[in-house]
Every structure is written in C-alpha cells, then in structure tokens.
Amino acid sequence: MKIATFNINGVKARLPALLDWLRDSAPEVAVLQEIKSEDAAFPAGPIEDMGYNVATHGQKGFNGVAILSKRPLEDVTRGLPGDPDDAQARWIEATVSGGDGALRVCGLYLPNGNPAPGPKYDYKLAWMARLEARARALLETEAPVAIMGDFNVIPQPLDARDPAAWTGDALYLPQSRAAWRRLVHLGLTDAWRALHDAPGYSFWDYQAGAWAKDKGIRIDHILLSPQAADRLTACGVDRDARGGDKPSDHAPVWAELEIG
DNA sequence: ATGGTAGGCGTCCTA
C-alpha cells in the first residue's frame with residue numbers, strides 16, 4: 001500500500017498539477033494540506049473519476065485537509081481533539097482496510113507558528129501538545145497507524161540546506177524541535193529518516209530562487225506506529241512535482257507499506 | 001543580499 005502526503009497550497013490553483021501527480025505516482029492513499037477550500041467547493045469529481053474516494057475537512061481561504069483513497073474510507077473524523085474552540089481545519093482521520101489489515105490514516109497541517117514568539121507560536125505549541133495526546137491514544141490501540149502531513153518542523157540540522165538561515169524561525173526553534181522529539185519518542189518511526197541518511201527536502205520557498213539552488217527543508221513527514229513501521233519497505237520524495245508547471249512550494253512524500 | 005513569490009473571493013493576510 002503506497003501512502004503519500006502533499007501540501008498542495010490551494011486546490012483550485014493546483015488541480016491540474018494534483019491530477020498529474022495522482023496519475024504519475026498513483027498512491028493508494030493520499031493526504032492533502034492547504035486545500036484552501038470549503039468542503040462544498042472541493043473539486044472531488046475529477047479525483048473520483050481517477051478512482052479515489054474523497055473526504056475533506058475544509059475551511060474558507062486558509063488551511064483545510066483531505067484524504068483520498070482508492071479503497072473505502074471508514075470512520076472518518078474531523079478536527080484534532082483537545083480544544084472545542086479551535087475552528088482551524090488542520091486534522092482529519094480515516095481507516096483504510098486492506099486485504100490483510102486496516103491502516104488508520106491521519107492527515108495534518110500543523111500550524112506554521114511565525115512570528116515567534118507571539119500568539120501564533122503559542123497556538124503552534126498548544127496544537128503540538130494536543131497532537132502528542134492524540135498520538136498517545138492512537139498508539140495505545142496497537143494498530144497500524146500513519147500520522148502524516150505538513151508538520152512545519154525541521155527536525156534536525158541535516159533537514160535544512162542552510163540551518164543557520166532558520167535560526168529563530170518557528171519551524172526550527174528549540175521548543176518546536178523538542179515537541180517533535182517528544183512526539184516521535186512516544187514510539188513513532190519517521191519513515192524517511194528510518195530509511196535514508198540523505199536530507200530529503202520537501203519544501204522550497206517560491207522566493208529567492210530556493211528551488212533552483214535546492215535551498216530546501218524537510219518538513220513534510222510520515223510517522224508510523226510500530227505495527228505500521230514493521231511493514232515499511234520504501235520511502236521517497238516526488239521532487240519532479242516541485243519542478244513542474246505552476247507547482248506547489250511542497251513536494252509529495254510517500255511510503256510503501258506491506259499491507260495487502 | 002532582511003528581499004523575494006504565490007494563493008485567496010482579498011483593498012491585506014498567511015505562508
């Protein structure tokens with residue numbers, strides 16, 4: 001089962017690029033971030049025509065997440081637990097059943113948090129604390145779970161071409177990276193880092209020729225529960241998508257799990 | 001080199 005995450009930065013502007021990527025990479029399950037669309041306006045038709053079931057958790061103008069799956073989506077839930085007053089659409093879960101087991105898929109768009117310090121950074125850290133609580137509950141199920149999306153965290157210096165440029169940024173501040181470590185240390189496997197020593201960038205700013213100079217960062221991650229990590233066979237970044245026509249500023253990240 | 005670019009129903013905000 002090939003699973004993938006892709007921050008598409010606006011589904012309306014990105015629909016041709018999204019359809020091209022789905023055709024070329026053909027993930028079984030894909031989570032999307034920054035759809036920047038309400039549920040009713042999400043262009044599900046052309047995606048369903050490619051054989052995907054679609055579940056969205058949208059919001060007008062900003063944020064918004066979705067899950068696409070060639071197999072039926074079961075038990076869909078929307079919103080990260082822990083704060084009933086949080087109106088930002090950044091979390092969606094669904095179960096995808098394979099022939100020999102089910103995978104709980106979580107798609108997330110973690111708050112950027114800039115400028116830091118400030119209320120946006122406070123929101124990021126509070127959101128990460130809620131994420132840790134949700135991950136702990138998911139791990140207690142002892143089932144295959146994938147928590148994936150745009151984490152807006154650069155875990156280590158290796159994950160940035162120019163780490164010094166990110167000093168003081170909410171994506172790289174010690175508190176952000178400590179919260180990431182607390183999450184992973186619950187018992188999750190960072191799929192890319194488990195299989196690769198290479199940087200594995202997934203984001204390049206539109207500005208200042210970052211893509212041309214490969215000044216990237218790795219912020220799109222796939223975290224696996226032990227029961228999912230046992231079945232991990234490959235992980236990759238679809239860099240071609242970043243170099244295409246009218247690209248997102250992110251590239252998709254995918255993992256292959258031996259779940260039939 | 002403290003700029004630069006992109007998307008969204010927007011005369012700015014978010015990234």
Side-chain angles (χ1 to χ4, degrees), chain A residues 5-21 31-44 46-47 56-66 80 86-91 107-128 131 148-155 159-173 175-177 179-180 201-221 237-253:
Chain A
T5 175
F6 190 6
N7 180 323
I8 57 174
N9 189 18
V11 69
K12 298 178 190 79
R14 209 68 61 216
L15 188 58
L18 173 62
L19 297 177
D20 284 350
W21 170 69
V31 296
L32 307 178
Q33 302 87 39
E34 285 204 90
I35 63 174
K36 297 185 177 180
S37 165
E38 292 177 299
D39 293 336
F42 188 86
I47 297 168
T56 59
H57 181 37
Q59 176 183 340
K60 188 172 188 173
F62 302 105
N63 308 320
V65 290
L80 181 64
D86 185 0
Q88 299 191 28
R90 297 179 174 274
W91 179 266
L108 69 90
Y109 177 47
L110 205 147
N112 176 294
N114 281 304
K120 291 187 176 178
Y121 194 57
D122 295 342
Y123 174 66
K124 176 177 194 153
L125 294 179
W127 204 95
M128 292 186 82
L131 172 59
M148 54 185 179
D150 177 358
F151 282 72
N152 269 316
V153 175
I154 303 166
D159 299 309
R161 173 69 175 277
D162 182 9
W166 296 91
T167 304
D169 192 284
L171 278 61
Y172 193 60
L173 279 173
Q175 282 177 284
S176 307
R177 296 165 58 201
W180 162 268
Y201 305 139
S202 65
F203 170 89
W204 299 258
D205 201 296
Y206 286 122
Q207 304 176 86
W211 168 247
K213 294 184 234 174
D214 197 23
K215 280 189 77 172
I217 52 176
R218 189 175 76 95
I219 57 173
D220 298 272
H221 306 299
V237 182
D238 288 332
R239 288 176 61 107
D240 287 353
R242 183 62 180 81
D245 199 37
K246 266 185 77 83
S248 168
D249 41 6
H250 294 251
V253 179

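We name chains A, B, ... by the order of the sequence lines, and we start the count at 1 in each one. In this text the structure is predicted, and so the values were computed from the model without any measurement.
In the displayed structure, A:Lys60 atom NZ is contacted under 6.0 Å by at most 12 heavy atoms of other residues, nucleotides or ligands.
Heavy atoms of A:Phe203 sit nowhere under 4.0 angstrom from any nucleic acid atom. Counting non-hydrogen atoms under 4.0 angstrom, A:Arg90 reaches the backbone sugars and phosphates but no base.
Within residues 205-215 of chain A, the residues approaching DNA chain B are A:Tyr206, A:Gln207, by heavy-atom distance under 4.0 Å.
Nucleotides B:dA15 and B:dA1 place their P atoms 28 Å apart, quoted to the nearest Å. Comparing B:dC9 with B:dT5, their P atoms are spaced 22 Å from each other, to the whole Å. Remark: the separation of the C1' atoms in B:dG10 and B:dT14 is 12 Å, to the nearest Å.
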(message) Walk me through whether A:Trp91 and A:Val65 qualify under side chain to side chain contact (heavy atoms under 4.5 Å, CB included).
(response) CA-CA 7 Å; A:Trp91 179 266; A:Val65 290; 5.6 Å; no
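The aromatic rings of A:Trp180 and A:His221 lie tilted to each other, with the angle between the two planes from 30° to 60°.
Nearest-nucleotide assignment on DNA chain B puts the 5′-proximal partner with A:Pro247, out of A:Lys120 and A:Pro247. Map A:Phe62 and A:Ala13 each onto its nearest nucleotide of DNA chain B; the residue landing nearer the 5' end is A:Ala13.
A salt bridge is defined here as a Lys NZ or Arg NE, NH1 or NH2 lying under 4.0 Å from an Asp or Glu carboxylate O, and A:Arg242 with A:Asp214 fails to meet this definition.
In this structure a side-chain-to-backbone donor-acceptor pair under 3.5 Å is missing from A:Asp159 to A:Ile154. Counting only distance, with no hydrogens or angles, the side chain of A:Ser202 and the backbone of A:Asp220 share a donor-acceptor pair below 3.5 Å. Of the possible polar contacts, none joining the A:Asn9 side chain to the A:Ser248 backbone as a donor-acceptor pair under 3.5 Å is found.
If you run ring-ring contact (aromatic ring centres under 6.0 Å, His included) between A:His250 and each of A:Phe203, A:Phe6, A:Trp204, A:Tyr206, only A:Phe203 comes through.
The outermost nucleotides of DNA chain B lying under 4.0 Å from heavy atoms of chain A, listed 5' to 3', are B:dG4 to B:dA15.
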